Amino acid sequence: MAKPSRRGVCLVISAPSGAGKSTIAQALREADPTIFTSISVTTRAPRPGEEEGVHYYFRDMPTFRRMAEAGELLEWAEVFGRGYGTPRAPLEAALAAGRDVILDIDWQGHRLMRQAMADDVVGLFVLPPSLEELEARLRGRKTDGDAEIASRMKAAMGEMSHWPEFDYVLVNDDLDKAVAEARSVLVASRLARARRKDLEALWPVAG
Ligand SMILES: Nc1ncnc2c1ncn2[C@@H]1O[C@H](COP(=O)(O)OP(=O)(O)OP(=O)(O)O)[C@@H](O)[C@H]1O
Ligand SMILES: Nc1nc2c(ncn2[C@@H]2O[C@H](COP(=O)(O)O)[C@@H](O)[C@H]2O)c(=O)[nH]1
């Protein structure tokens, strides 16, 4: 197979639950179907309408632990008391084939991804316009009960305090604007530092 002209960008999008990162990631993928979708493994139960291998790989805790110990997960973290992790092999294959990848994971996962593949990772943190709007979005989504929403709201301030660790930060007040900004981050990242290695092999560089 011919070598791709560049390695893909691994765009890690994090946010407190309900801020809109999955919605933004989905819009980016719909606009550009070449973007690779990483499907995480989780120990949480499927929500109504969620499908195995589409939204998540749903596994019990012993299986999740075995995968983590065997190195099958590039990163994994406990979020809201459950295990979530990124399968290693499909993501590495996609980047090597020159495909951009979007990961919709929490701030701990972003830290671990930076340790695992610093040159490939670009971090984007999505903030909600306010705590009231965050709670309204969690309620409006109708996927979680009161106790789960309370637990996610309780964690939100702590999660949001990690925004300075990211390369880019946006406020998702207007969805179209947020998607356009996230798209700009992806395009700029394609042209940025790690991508220069490919050009250095092709074009002269002043000594
Ligand atoms: N800019 C926006 N204005 C109004 N509603 C929005 C906006 N962005 C997203 N939403 C809605 O907010 C809800 C939460 O969005 P989403 O599921 O994408 O959040 P998330 O950050 O991925 O949450 P989780 O971490 O739980 O997966 C959804 O119902 C979505 O349609
Ligand atoms: N570190 C990781 N975090 C992940 C991964 N997949 C999802 N997540 C994060 O978990 C919470 C909750 O998700 P939900 O689907 O239960 O609402 C959210 O912040 C996700 O971003 C992963 O592989 N690794």
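We count ligands from 1, going down the list as the structure has it; atoms in each ligand are counted the same way. Note that the coordinates shown come from a computational prediction; the quantities given were computed from them, not determined experimentally.
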What residue among V12, D120, D167, V122 forms side-chain contact (heavy atoms from CB on, under 4.5 Å) with R114? D167
Side chains of L95 and C10: does their closest heavy-atom pair fall under 4.5 Å? yes
Any side-chain heavy-atom pair from S38 and F36 closer than 4.5 angstrom? yes
Looking only at atom types and distance, does a side-chain atom of [X] sit under 3.5 Å from a main-chain N or O of [Y], one as donor and one as acceptor?
X	Y	answer
K21	D104	no
R183	L28	no
R137	A19	yes
R82	T42	no

Quick one about T37 and R29 (side-chain donor to acceptor, distance below 3.5 Å, no hydrogens or angles considered), yes or no? yes
Does ligand 1 have any N/O pairs with the protein under 3.5 Å, and how far apart?
| residue | atom | partner | partner atom | Å |
| --- | --- | --- | --- | --- |
| ligand 1 | 1 (N) | N172 | OD1 | 2.8 |
| ligand 1 | 1 (N) | D173 | O | 3.3 |
| ligand 1 | 1 (N) | L175 | N | 3.4 |
| ligand 1 | 3 (N) | R137 | NH2 | 3.3 |
| ligand 1 | 8 (N) | N172 | ND2 | 3.0 |
| ligand 1 | 17 (O) | R141 | NH1 | 2.8 |
| ligand 1 | 18 (O) | S22 | N | 3.4 |
| ligand 1 | 18 (O) | T23 | N | 2.9 |
| ligand 1 | 18 (O) | T23 | OG1 | 2.5 |
| ligand 1 | 19 (O) | G20 | N | 3.2 |
| ligand 1 | 21 (O) | G18 | N | 3.4 |
| ligand 1 | 21 (O) | A19 | N | 3.4 |
| ligand 1 | 21 (O) | G20 | N | 3.0 |
| ligand 1 | 21 (O) | K21 | N | 3.1 |
| ligand 1 | 21 (O) | K21 | NZ | 3.0 |
| ligand 1 | 22 (O) | S22 | N | 2.9 |
| ligand 1 | 22 (O) | S22 | OG | 2.3 |
| ligand 1 | 23 (O) | G18 | N | 2.9 |
| ligand 1 | 23 (O) | R141 | NH1 | 3.0 |
| ligand 1 | 25 (O) | K21 | NZ | 2.4 |
| ligand 1 | 26 (O) | S17 | OG | 2.6 |
| ligand 1 | 26 (O) | R141 | NH1 | 3.0 |
| ligand 1 | 26 (O) | R141 | NH2 | 3.1 |
| ligand 1 | 26 (O) | R152 | NH1 | 3.2 |
| ligand 1 | 27 (O) | S22 | OG | 3.4 |

Tell me which residues fall inside the under-4.0 Å heavy-atom shell around ligand 2. K21, S40, R44, R47, Y56, E75, A77, V79, F80, Y84, G85, T86, D104, I105, D106, G109, R152
Which atom names give the shortest non-hydrogen contact between H110 and S14, and what distance separates them? CB-OG, 4.0 Å
